[in-house]
2 protein chains.
Amino acid sequence: MEPKPKRRASIGARRSPETEAAVKAAARELLAEKGYAGFSIEEVARRAGAGKPTIYRWWPNKAELFIAIYGVEKDAAIPVPDEGSLRADLLRYTRDLWRFWREDAAGRVFRGLIAEAQTSAEALAALRFKFMPERLASPRRMFVRAAERGEFSPEEIDDRLELWVGFNWLHVLTDRLSEDEPSLSRKIDLLCR
Amino acid sequence: MEPKPKRRASIGARRSPETEAAVKAAARELLAEKGYAGFSIEEVARRAGAGKPTIYRWWPNKAELFIAIYGVEKDAAIPVPDEGSLRADLLRYTRDLWRFWREDAAGRVFRGLIAEAQTSAEALAALRFKFMPERLASPRRMFVRAAERGEFSPEEIDDRLELWVGFNWLHVLTDRLSEDEPSLSRKIDLLCR
DNA sequence: TGTTGAACTAAACGGACCGTTTCGTTATGT
DNA sequence: ACATAACGAAACGGTCCGTTTAGTTCAACA
């Protein structure tokens with residue numbers, strides 16, 4: 001593809017931003033191209049023109065690398081709507097999220113992270129205690145606002161949020177992210193009652 | 001553990017039930033012991049005293065083997081309650097299901113199957129078109145009955161079912177299957193409105 | 001100015017699995 | 001009697017893991 005043969009030597013006793021960028025770019029590119037199934041540190045290193053030890057130095061396991069390459073754009077890419085009703089907000093946000101997952105390789109990152117969490121305790125911990133809280137903070141705002149508007153009681157915020165999250169996971173994990181899924185709006189209706 | 005050195009030779013031009021049983025038993029045992037992370041066909045073959053080609057002959061991929069070792073007891077183990085309200089039925093069934101997943105190695109089978117579906121197209125197809133329809137048939141009955149009782153409209157049956165499924169997946173995949181999860185009944189309430 | 005130390009890549013390591021092939025054996029069905 | 005098919009053992013080539021060794025490049029510091 002690109003002219004890759006240029007080798008990056010050390011730039012001294014500090015982390016090389018070029019190497020970091022090259023690794024992330026290669027990882028994202030590889031995921032977009034082959035999906036999680038074809039994803040390996042070995043191949044990332046090859047494409048990035050980086051040494052495996054370098055990768056292992058900065059990202060001790062796959063989960064950390066996934067988290068690093070996810071998240072970069074998500075917050076920017078998906079605005080949190082505020083259209084006056086949870087129903088409208090959820091509908092828009094869910095559609096945006098699914099489109100993002102379909103088109104941005106981020107869906108594959110996400111699927112990979114969940115899969116990885118089934119084989120690695122570190123990945124599971126990272127998923128539960130780092131990734132999820134971080135990533136759920138902004139969609140949670142929609143539920144908080146709805147409760148403030150009186151659409152439901154404040155104690156229900158996190159329960160409703162979790163039901164919505166489970167719904168999304170089910171779809172991403174079974175590879176059903178078509179935006180026009182007819183039952184989408186029906187399910188969101190149910191979540192807003 | 002047990003006296004394993006007895007070798008099962010071929011019993012002629014037909015499938016050996018002993019081998020089949022030994023493979024399933026070894027697979028279940030291995031999953032119970034090490035979880036999905038430590039699960040490999042290689043190790044199953046070792047423990048079962050079986051040849052890898054034999055395993056690959058009868059179960060062309062891991063997903064098929066998972067499906068075979070799941071399901072054996074689930075229907076028997078989890079009765080579908082009929083207590084007059086979806087709320088009561090779901091509460092009981094979900095608690096039973098989570099206990100089953102916690103205690104029976106079946107949870108690990110299930111997690112493994114979902115993880116496998118993220119790396120293998122065959123596994124994904126098996127999950128979507130074989131495992132899920134089969135396994136969801138009996139819990140679905142609870143929702144059908146509730147609709148018949150007039151708790152909600154019949155068109156909502158599968159949407160509510162899917163929300164419930166997503167909720168369960170989220171918990172099994174993040175390793176949160178404690179029976180007394182306080183939010184469990186609150187979420188089930190939400191699903192019944 | 002010279003030395004120390006950390007970050008870099010390349011190469012190779014032992015080990016685990018994958019999925020397949022080859023082989024000799026065993027018993028069935030015809 | 002003979003083709004057929006399933007069996008286990010062993011080994012194949014291959015991929016990837018996570019680590020180690022070795023030689024380099026450069027910044028910081030004395």
Side-chain angles (χ1 to χ4, degrees), chain A residues 4-27 30-31 33-66 112 115-116 118-123, chain B residues 3-27 30-31 33-66 112 115-123:
Chain A
K4 289 275 179 56
K6 57 174 173 181
R7 166 184 167 166
R8 285 181 310 279
S10 168
I11 58 168
R14 46 185 239 276
R15 182 170 191 173
S16 160
E18 283 186 28
T19 293
E20 180 177 1
V23 169
K24 286 185 188 173
L30 178 59
L31 266 166
E33 200 173 304
K34 308 233 181 135
Y36 175 63
F39 186 88
S40 73
I41 300 285
E42 197 106 19
E43 179 67 17
V44 171
R46 261 194 298 273
R47 293 196 179 205
K52 279 203 293 173
T54 303
I55 297 184
Y56 280 103
R57 178 180 347 264
W58 300 113
W59 299 278
N61 49 58
K62 268 192 203 181
E64 296 291 330
L65 184 51
F66 281 142
E116 197 65 19
Q118 309 311 308
T119 67
S120 139
E122 294 93 348
Chain B
K4 288 274 179 57
K6 57 173 175 182
R7 166 183 166 167
R8 288 179 311 278
S10 167
I11 58 169
R14 48 185 238 277
R15 183 172 191 172
S16 160
E18 283 185 30
T19 292
E20 180 176 0
V23 169
K24 285 185 189 172
L30 179 59
L31 266 167
E33 200 172 304
K34 309 235 182 135
Y36 175 62
F39 186 89
S40 74
I41 299 284
E42 198 107 17
E43 179 67 17
V44 171
R46 262 193 298 272
R47 293 196 181 205
K52 280 201 294 172
T54 303
I55 296 183
Y56 280 104
R57 182 183 341 268
W58 301 112
W59 298 278
N61 48 59
K62 269 191 200 180
E64 295 291 330
L65 183 53
F66 281 143
E116 196 65 20
Q118 310 310 311
T119 65
S120 140
E122 295 91 348

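We name chains A, B, ... by the order of the sequence lines, and we start the count at 1 in each one.
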side-chain contact (heavy atoms from CB on, under 4.5 Å) between Trp58(A) and Glu20(A), worked out: CA-CA 9 Å; Trp58(A) 300 113; Glu20(A) 180 177 1; over 6 Å; no
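- Glu43(A) has its CD atom 17 Å from the P atom of dG14(D), to the nearest Å.
- With hydrogens and angles left out, the side-chain atoms of Ser120(B) and Glu122(B) include a donor and acceptor closer than 3.5 Å.
- Of all heavy-atom pairs spanning Tyr36(A) and Ala115(A), the tightest one is CE2-CB, 3.6 Å.
- As a whole-Å value, the separation of Glu20(B) CD from dC7(D) C1' is 14 Å.
- Atoms CD (Glu18(A)) and C1' (dT9(C)) sit 14 Å apart, rounded to a whole Å.
- Judged by closest nucleotide on DNA chain C, Pro53(A) is the one of Pro53(A) and Asn61(B) placed further toward the 5' end.
- Closest approach to the Ser40(A) side chain among dC16(D), dT9(C), dA7(C) is made by dC16(D) (side chain taken as heavy atoms from C-beta onward).
- Nearest to the side chain of Ile41(A), among dC17(D), dA9(D), dT9(C), sits dC17(D).
- Checking dC8(C), dA12(C), dG8(D) against the side-chain heavy atoms of Arg15(A) singles out dC8(C) as nearest.
- For Arg47(A) and dT9(C), the CZ to P distance is 17 Å, given to the nearest whole Å.
- Here the closest non-hydrogen pair linking Ala50(B) and Thr19(B) is CB-CG2, 4.5 Å.
- Between the two ends of the helix from dT1(C)-dA30(D) to dT30(C)-dA1(D), each summarised by a five-pair axis, the helix axis turns through 0° (rounded to 10 degrees).
- Note on Ala45(B): nothing from the nucleic acid sits closer than 4.0 angstrom, heavy atoms only.
- Following rounding to the nearest Å, Tyr56(A) (OH) and dT21(D) (C1') show an atom-to-atom distance of 17 Å.
- Between the CZ atom of Arg46(A) and the P atom of dA10(C) there is a distance of 12 Å, given to the nearest Å.
- Relative to the side chain of Arg57(A), the nucleotides dT9(C), dG8(D), dT21(C) differ in distance, and dT9(C) lies closest.
- With dA7(C), dC17(D), dT22(C) as the candidates, the nucleotide lying closest to the side chain of Ser10(A) is dA7(C).
- Distance Ile11(A) CD1 to dT25(D) P: 15 Å, rounded to the nearest Å.
- Of all heavy-atom pairs between Arg8(A) and Ala48(A), the closest is NH2-O, 2.8 Å.
- Contact record, Ala45(A) with Lys52(A): CB-CG, 3.9 Å, taken as the closest heavy-atom pair.
- The shortest side-chain heavy-atom distance between Ile41(B) and Trp59(B) does not fall under the 4.5 Å cut-off.
- Closest approach of Ile55(A) and Val23(A) over heavy atoms only: CG1-CG2, 4.1 Å.
- Between Glu42(B) atom CD and dG15(C) atom P the separation is 15 Å, expressed in whole Å.
- Here Trp58(A) reaches the OP1 or OP2 of dC8(C): one of its side-chain N or O atoms lies under 4.0 Å away.
- Note on Ser16(A): only backbone sugar-phosphate atoms sit closer than 4.0 angstrom, heavy atoms only; bases stay farther off.
- Comparing Gly51(A) and Phe39(B), the nucleotide of DNA chain C nearest to each residue sits closer to the 5' end for Gly51(A).
- Comparing Ala9(B) and Lys52(A) against DNA chain D, the residue whose closest nucleotide sits nearer the 5' end is Ala9(B).
- OP1 or OP2 of dC17(D) has at least one side-chain nitrogen or oxygen of Lys62(A) nearer than 4.0 Å.
- Comparing dC17(D), dT28(C), dT9(C) against the side chain of Arg14(B) picks out dT28(C) as the nearest.
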